[in-house]
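Written out below as structure tokens is the structure these notes cover.
Just so it is clear, the model here is predicted, and its values are computed rather than measured. Remember, it's 1-based here, ligands and their atoms both numbered in the order they're listed.
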Amino acid sequence: MKILVINGPNLNMLGKRPKEHYGVLTLDEINSLMLKNASNDTELRFYQSNYEGDIVTKIQESLSSIDGIIINPAAYTHTSVAIHDALEMFSGPIIEVHLSEVDSREDFRKVNFIRSVSTKTFAGKKEQSYIEALKYIEDILRK
Ligand code: DQA
């Protein structure tokens with residue numbers, strides 16, 4: 001099964017961002033951890049961008065070539081109708097991931113354009129949120 005892992009703006013700066021919310025690992029280290037935890041029959045593809053339109057294009061290009069999407073849209077979670085609309089066209093499972101507990105932080109982070117098109121959300125467990133998302137999506141895709 002092919003799973004696309006999308007990370008949005010500023011997640012390329014992990015390691016330099018507030019550790020109490022985002023932990024200490026870099027994005028490369030999180031990606032490696034996912035690779036280590038992936039099943040033998042899982043093919044992970046990683047994509048990070050700071051640009052909303054590039055994320056939209058990546059989702060469009062993946063609509064028929066990918067079985068599942070794990071996405072941390074970062075700040076675009078709270079602003080992006082465009083990413084919502086692109087994800088809405090995807091027929092497989094979409095797992096929303098956040099390192100921090102987005103729902104109990106500032107009010108502006110409680111606005112969420114991605115939740116309604118997501119199959120499930122994992123948040124607040126730093127890098128473990130990604131691992132839980134990976135296990136969950138593998139289980140769905142295996143059924
Ligand atoms: C984040 C939470 C967002 O509110 C924030 O803008 C991020 C990262 C998280 O993983 O906790 O950049 O998606």
Give me the residue, atom name and distance of the protein heavy atom closest to [atom].
atom	answer
atom 11 (O) of ligand 1	Ser100 OG, 2.6 Å
atom 9 (C) of ligand 1	Leu99 N, 3.4 Å
atom 8 (C) of ligand 1	Tyr22 CE2, 3.5 Å

Within 4.0 Å of some non-hydrogen atom of Arg17, the atoms of ligand 1 are 7 (C), 12 (O)
Under 4.0 Å from one or more heavy atoms of Arg109, ligand 1 contributes atoms 3 (C), 4 (O), 5 (C), 6 (O)
Any side-chain heavy-atom pair of Ile83 and Phe113 under 4.5 Å = no
Would Tyr51 end up clustered with Ile69 when hydrophobic side chains under 4.5 Å apart are linked, directly or stepwise?
-> no
N or O pair under 3.5 Å between [X] and ligand 1:
X	answer
His98	yes
Asn72	yes
Val97	no
Leu11	no

Take every heavy atom of His78, measure it against each atom of ligand 1, and state whether any distance is under 4.0 Å.
-> yes
Using only heavy-atom distances, determine whether the side chains of [X] and [Y] contain a donor-acceptor pair under 3.5 Å.
X	Y	result
Arg45	Ser62	no
Asn50	Gln48	yes
Asn7	Tyr130	yes

Answer yes or no: is there an ion pair linking Glu138 with Lys135, defined by an N-O contact shorter than 4.0 Å?
-> yes
Take the angle between the ring planes of His78 and His98 and call it parallel below 30°, perpendicular above 60°, tilted in between.
-> parallel
Using heavy atoms and a threshold below 4.0 Å, how should the contact between Val102 and ligand 1 be classified: side chain, backbone, both, or neither?
-> side chain
